[in-house]
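Lettering follows sequence order; numbering is per chain, from 1.
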Amino acid sequence: MLEIQDIRKDKGERIIEGLKKRHFDAEPIVQEILDLDSKWRESKGNLEEIAAEMNQISKQIGLLFREGKQEEANEAKAMTGQLKSSEAELKVKVDELEATIQDLMYLLPNVPNELVKAGKSELDNETTEEFGNAPSFDFDAIPHWEIAAKHNLIDFELGVKITGAGFPVYRGKGAQLQRAMINFFLAEAAKAGYEEVIPPLFVNEDSAIATGQLPDKEGQMYHDERDDLYMIPTAEVPITNMYRNVIIPNEDFSVKLTGYTPCFRREAGSYGSDVRGLNRLHQFDKVEIVRIEHPNNTDAALEEMMNHVKGLLEKLGLQYRILRLCGGDTGFTAAMTYDFEVYSAAQDKWLEVSSVSRFDTFQANRLKLRFKNADKKTKLCHTLNGSALALPRIVAAMLENHQTKDGVTIPECLHPYTGFKSI
RNA sequence: GGAGAAUUGCCAGAGUGGUCGAAUGGACUGGUCUUGAAAACCAGCGUACCGCAAGGUACCGGGGGUUCGAAUCCCUCAUUCUCCGCCA
């Protein structure tokens, strides 16, 4: 969530201007917020005046009683009726205004970083870097779902029977490969100084709001209504929420956390070739890296995270490119996002395998995640996170790009974890 | 799932209707003293909102209520602990 102080400062000009890069017209919302905010301040001021008066009178009544001046006390009591009712009235008004302002604030997405270009959709994303060469095959490369079927690695139909579409069953070397990659990713993250956590896979409403899944992406999460819990769409949610309502001591920077979790996404409305095989699932595995930073260090942290992901892809021997998402394609909560895509020769498409984002104070504001700056003022921290990496698509890319005529070669970095060198 | 007890500031812990944003101790920060440290002493030591400021308001697990006035009484929810039941 953006900071209301930020809107007051320049009448929201910076925000309105910045959000144009998302093709988001913030002006009417900002206007309404400003309008309601001044009303709110006025009412709030009045309310506090009355409250102060009430407090005064109450104090006096207390004194009178102690001095045994019953009558005077009762007289004073009688005077409070009018004040009390106008206080109640104002309170309702103030609460309403607050709620409305809050709702409006929820509508405003994060302001894109200065590096982010204006744009409407993925077509406007910029490719910032490209690494590696496309694999060449002297046979007909087949897509991963065929490879998976051929070697009995993943059974999609079985998943349909047990649960439904988008819940595959990994088996044999397919399951082992999956587990090996998780361990590899976690080990690499540990090497890079990230503390591993195993968080809950369900979160409460407060957590889902704090990282921005609610109220915005309600329909994307599985929701257990009975206990009012949400299944996590990414480890970002529980891990970042470890720091909800926390003022972190300066010496704790940088906070670097990693965690492997399954992720659950309803993916309502997806269909077609996008959902073929491992391309889009309702349940998938991911190793996430999360950072909480002093604002001064955010640029450096982002770069470090990018390099971490690059390192993983290079070790896996995959060709990839990095996109800086344009304003319109950048997620609601993010100030800037880099997507890592691996080229799949067999499918002739680029598969998104990682997404590294900085949120600046947007999440921290909802999280109430703060630190104390040099002059002891509490300030909002910055949060960042990235996938390192998301399993299904990286598995798909590996199977496809490392396929041989009658199997798949496992990259060397995984050998200690798989126990086998080929499929 | 049933019964009981509890939830107060960074921590421990007092406080059962008015002068309580909250005693006291510890931790921490600054100062005095010291060659330095320890000890002792003095001072400071929560968050947020409104306000140029003075100041005001709100917060004692969350929400609601009673009252002129609530940390204190009532309702409700959550969490923790103990006992019983069930169970990987």
(request) Hey, could you give me each pair passing salt bridge (charged side-chain N to carboxylate O under 4.0 Å, His left out) that has a residue in residues 355-367 of chain A? Not counting sequence neighbours. (result) A:Asp299-A:Arg358, A:Arg358-A:Asp360

(message) With rounding to the closest Å, how many angstrom separate the P atoms on B:rG21 and B:rG56?
(response) 12 Å

(message) Under a 4.0 Å threshold between the charged nitrogen and the carboxylate oxygen, would A:Arg291 count as salt-bridged to A:Glu304?
(response) yes

(request) Using whole Å, report how far CG of A:Asp227 lies from P of B:rA78. (result) 10 Å

(message) Regarding A:Thr80, tell me which of base, sugar-phosphate or nothing describes its non-hydrogen contacts under 4.0 Å with the strands shown.
(response) sugar-phosphate

(message) Counting only Watson-Crick pairs (N1-N3 plus N6-O4 or O6-N4) and G-U wobbles (N1-O2, O6-N3), all under 3.5 Å, who is the partner of B:rC41?
(response) B:rG31

(message) What's the gap between B:rC42 and B:rC33 when it is taken at their C1' atoms, as a whole Å value?
(response) 11 Å

(message) Using the ring pair (Phe, Tyr, Trp, His ring centres under 6.0 Å) criterion, which residues pair with A:Phe167? Sequence neighbours excluded.
(response) A:His282

(request) Using the C1' atom on both, measure B:rG13 against B:rU19 and round to a whole Å. (result) 23 Å

(message) Using a 4.0 Å heavy-atom cut-off to protein, can you give one letter per nucleotide of nucleotides 49-66 of chain B, 5' to 3': B if the base is in contact, S if only the sugar-phosphate is, - if neither?
(response) SSS----BBS--------

(message) Without decimals, in angstroms, what is the distance between A:Glu251 CD and B:rC10 P?
(response) 16 Å

(message) Tell me which nucleotide, if any, is Watson-Crick or G-U wobble paired with B:rG1 when both distances must be under 3.5 Å.
(response) B:rC84

(request) Identify the nucleotide, in any strand shown, that forms a Watson-Crick or G-U wobble pair with B:rA6, with both distances under 3.5 Å; if there is none, say none. (result) B:rU79

(message) Output the rounded distance in Å from NZ (A:Lys379) to P (B:rA48).
(response) 11 Å

(message) Using atom C1' in both nucleotides, what's the gap between B:rG51 and B:rA58 to the nearest angstrom?
(response) 15 Å

(message) Between the side chains of A:Lys20 and A:Glu17, is the shortest nitrogen-to-carboxylate-oxygen separation below 4.0 Å, so that they form an ion pair?
(response) yes

(request) Taking atom C1' in both B:rC41 and B:rC50, compute the distance separating them and give it to the nearest angstrom. (result) 40 Å

(message) Suppose we define a pair by two distances each less than 3.5 Å, Watson-Crick or G-U wobble; what does B:rA70 pair with here?
(response) none

(message) Please report the distance, rounded to the nearest Å, between CD in A:Gln60 and P in B:rG18.
(response) 17 Å

(message) Please compare A:Ile57 and A:Gly62 by the position of their nearest nucleotide in RNA chain B and report the one closer to 5'.
(response) A:Gly62

(message) Regarding A:Ile61, tell me which of base, sugar-phosphate or nothing describes its non-hydrogen contacts under 4.0 Å with the strands shown.
(response) base

(message) Could you tell me how far B:rA53 sits from B:rG65 if I compare only their P atoms? Round to whole Å.
(response) 33 Å

(message) For a quick test of reading the model: is some side-chain N or O of A:Thr378 closer than 4.0 Å to OP1 or OP2 of B:rA48?
(response) yes

(request) Without swapping roles, check the side chain of A:Lys310 against the backbone of A:Ile322 for a donor-acceptor pair under 3.5 Å. (result) no

(message) Rounding to an integer number of angstrom, what distance separates B:rU16 and B:rU66 when you compare their C1' atoms?
(response) 16 Å

(request) Among A:Gln363, A:Glu236, A:Glu293, find the one that has a side-chain hydrogen bond (donor to acceptor under 3.5 Å, both in side chains) with A:Thr383. (result) A:Gln363

(message) With a 3.5 Å limit on both atom pairs, tell me what B:rA14 is paired to, counting Watson-Crick and G-U wobble, or say none.
(response) none

(request) Using the C1' atom on both, measure B:rA48 against B:rC60 and round to a whole Å. (result) 16 Å

(request) Flag the pair A:Lys191 and A:Glu188 as a salt bridge only when some basic side-chain nitrogen lies within less than 4.0 angstrom of an acidic carboxylate oxygen. (result) yes

(request) Tell which nucleotide pairs with B:rA58, taking only Watson-Crick or G-U wobble pairs whose two distances are both under 3.5 angstrom. (result) B:rU47

(request) Let me know the distance between NZ of A:Lys59 and C1' of B:rU67, rounded to the nearest Å. (result) 18 Å

(request) Salt-bridge test for A:Lys117 and A:Asp124: reply yes if a basic N is under 4.0 Å from a carboxylate O, no otherwise. (result) no

(request) Please work out which of the three classes, parallel, tilted or perpendicular, describes the rings of A:His294 and A:Phe371, given edges at 30° and 60°. (result) tilted

(message) Whole angstroms only, please: what is the CG-P distance between A:Leu63 and B:rG18?
(response) 12 Å

